[in-house]
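Before any comments, here is the structure.
Hydrogens, waters and symmetry mates play no part in the numbers below; they use all other heavy atoms, side chains included.
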Amino acid sequence: MNNHYTVTKENYLISTNASKLDIDVIYHYLCEESYWAKGIPRAVVEKSIANSLCFGLYYNNEQVGFARVITDKATFAYLGDVFILHEHRGKGLSKWLMQTIHAHPELQGLRRWLLGTRDAHGLYEQVGWTRFNEDVSKRFMQKHNPDVYKK
């Protein structure tokens with residue numbers, strides 16, 4: 001599907017049109033403000049965006065939020081780099097962004113979605129996510145390099 005997926009609400013817009021993404025805003029947030037990607041190089045941000053299905057959230061055409069999905073569009077998706085800029089929080093935008101991502105036509109019928117979060121479990125639980133139970137947590141492993149962006 002080559003069409004861009006777009007949803008609007010009041011003065012807000014969510015779009016998968018990569019040409020609308022403000023890489024400066026995304027890079028600054030991830031590198032300086034996020035807890036999960038602090039210090040990430042700009043080239044890594046650009047490569048991650050180029051190889052993901054990205055959702056930009058805009059207010060009057062200025063980027064105020066972002067999320068990306070890494071997926072095969074058949075069985076699996078990983079949701080990452082989700083953020084709303086501080087001045088736009090508390091307006092239900094994160095929940096709307098999640099609902100919009102879940103409704104994307106190319107992301108229907110997937111067997112499993114994964115994400116990692118330190119502090120937003122409540123948001124994701126509102127839109128159908130569940131924490132790993134003991135059985136599931138025993139089956140998953142990771143290869144993790146927490147210092148990859150440290151100089």
Side-chain angles (χ1 to χ4, degrees), residues 1-38 40 42 44-137 139-144:
M1 177 184 288
N2 292 329
N3 296 334
H4 303 299
Y5 186 65
T6 302
V7 180
T8 58
K9 181 164 84 173
E10 298 166 10
N11 290 334
Y12 288 95
L13 165 79
I14 296 173
S15 176
T16 59
N17 183 346
S19 69
K20 290 182 67 63
L21 294 171
D22 186 333
I23 305 301
D24 290 335
V25 169
I26 298 165
Y27 167 69
H28 179 268
Y29 186 88
L30 294 176
C31 182
E32 302 295 329
E33 298 184 43
S34 77
Y35 65 83
W36 64 88
K38 195 158 301 284
I40 190 170
R42 185 181 177 101
V44 174
V45 172
E46 291 172 354
K47 186 175 183 180
S48 71
I49 288 170
N51 291 290
S52 301
L53 176 58
C54 296
F55 292 78
L57 174 59
Y58 307 91
Y59 178 73
N60 293 334
N61 293 316
E62 289 192 20
Q63 183 141 17
V64 300
F66 178 76
R68 67 188 184 95
V69 177
I70 302 96
T71 184
D72 61 10
K73 298 180 181 177
T75 65
F76 178 80
Y78 179 86
L79 176 64
D81 294 338
V82 179
F83 70 85
I84 304 293
L85 295 181
H86 294 286
E87 54 271 26
H88 292 272
R89 292 183 184 169
K91 301 177 181 181
L93 297 174
S94 294
K95 186 173 180 181
W96 180 48
L97 180 57
M98 291 304 100
Q99 291 166 334
T100 300
I101 290 168
H102 292 149
H104 190 287
E106 293 184 6
L107 301 177
Q108 302 309 299
L110 302 179
R111 183 176 65 242
R112 185 177 308 274
W113 291 69
L114 290 178
L115 64 79
T117 184
R118 180 172 73 186
D119 56 5
H121 299 83
L123 161 68
Y124 298 112
E125 288 169 345
Q126 289 179 54
V127 291
W129 292 75
T130 59
R131 298 172 196 233
F132 286 166
N133 64 32
E134 190 175 336
D135 178 57
V136 173
S137 68
R139 291 185 279 140
F140 281 84
M141 298 176 71
Q142 69 176 349
K143 186 175 177 191
H144 186 220

Quick one: does L53's side chain get under 4.5 Å of L107's, heavy atoms only? yes
Is any side-chain heavy atom of I26 closer than 4.5 Å to one of R42? no
Closest non-hydrogen atom pair, [X] against [Y]:
{"X": "N17", "Y": "H4", "answer": "CA-ND1, 3.4 Å"}
{"X": "Y35", "Y": "R118", "answer": "OH-N, 2.6 Å"}
{"X": "V136", "Y": "N133", "answer": "N-OD1, 2.8 Å"}

Return the [atom1] to [atom2] distance between [X] and [Y], rounded to the nearest 0.5 Å.
{"X": "M98", "Y": "W129", "atom1": "CE", "atom2": "CH2", "answer": "8.0 Å"}
{"X": "H104", "Y": "L110", "atom1": "NE2", "atom2": "CG", "answer": "11.0 Å"}
{"X": "L30", "Y": "I23", "atom1": "CG", "atom2": "CD1", "answer": "10.0 Å"}
{"X": "T6", "Y": "I14", "atom1": "OG1", "atom2": "CD1", "answer": "10.0 Å"}
{"X": "I40", "Y": "E46", "atom1": "CD1", "atom2": "CD", "answer": "10.5 Å"}
{"X": "I70", "Y": "F76", "atom1": "CD1", "atom2": "CZ", "answer": "8.5 Å"}

side-chain contact (heavy atoms from CB on, under 4.5 Å) assessment of V82 paired with L115: CA-CA 10 Å; V82 179; L115 64 79; over 6 Å; no
Is there any side-chain hydrogen bond (donor to acceptor under 3.5 Å, both in side chains) pair reaching into residues 88-97, and which pairs are they, with sequence neighbours excluded? Y12-H88, Y12-K91, Y29-R89, H86-R89, K95-Q126
Any side-chain hydrogen bond (donor to acceptor under 3.5 Å, both in side chains) involving residues 57-71? Give me the pairs, sequence neighbours left out, ordered by first then second residue. S52-R68, R68-D81
Between L85 and V25, does a side-chain contact (heavy atoms from CB on, under 4.5 Å) hold up when you go through it step by step? CA-CA 9 Å; L85 295 181; V25 169; 4.2 Å; yes
Side-chain ([X]) to main-chain ([Y]) donor-acceptor, under 3.5 angstrom:
{"X": "E125", "Y": "A120", "result": "no"}
{"X": "K38", "Y": "E32", "result": "yes"}
{"X": "T16", "Y": "Y5", "result": "yes"}

With a 6.0 Å cut-off (strictly less than), is the heavy-atom count around CZ of R111, excluding the residue itself, greater than 12? no
May I ask you to check whether over 12 heavy atoms, not counting those of K9, lie within 6.0 Å of atom NZ? yes
Candidates F55, F83, F66 - the one meeting side chain to side chain contact (heavy atoms under 4.5 Å, CB included) with L97: F55
Run the side-chain contact (heavy atoms from CB on, under 4.5 Å) check on V45 and C31 step by step: do they pass? CA-CA 9 Å; V45 172; C31 182; over 6 Å; no
Is there a side-chain contact (heavy atoms from CB on, under 4.5 Å) between K20 and L13 once you walk through the steps? CA-CA 11 Å; K20 290 182 67 63; L13 165 79; 3.5 Å; yes
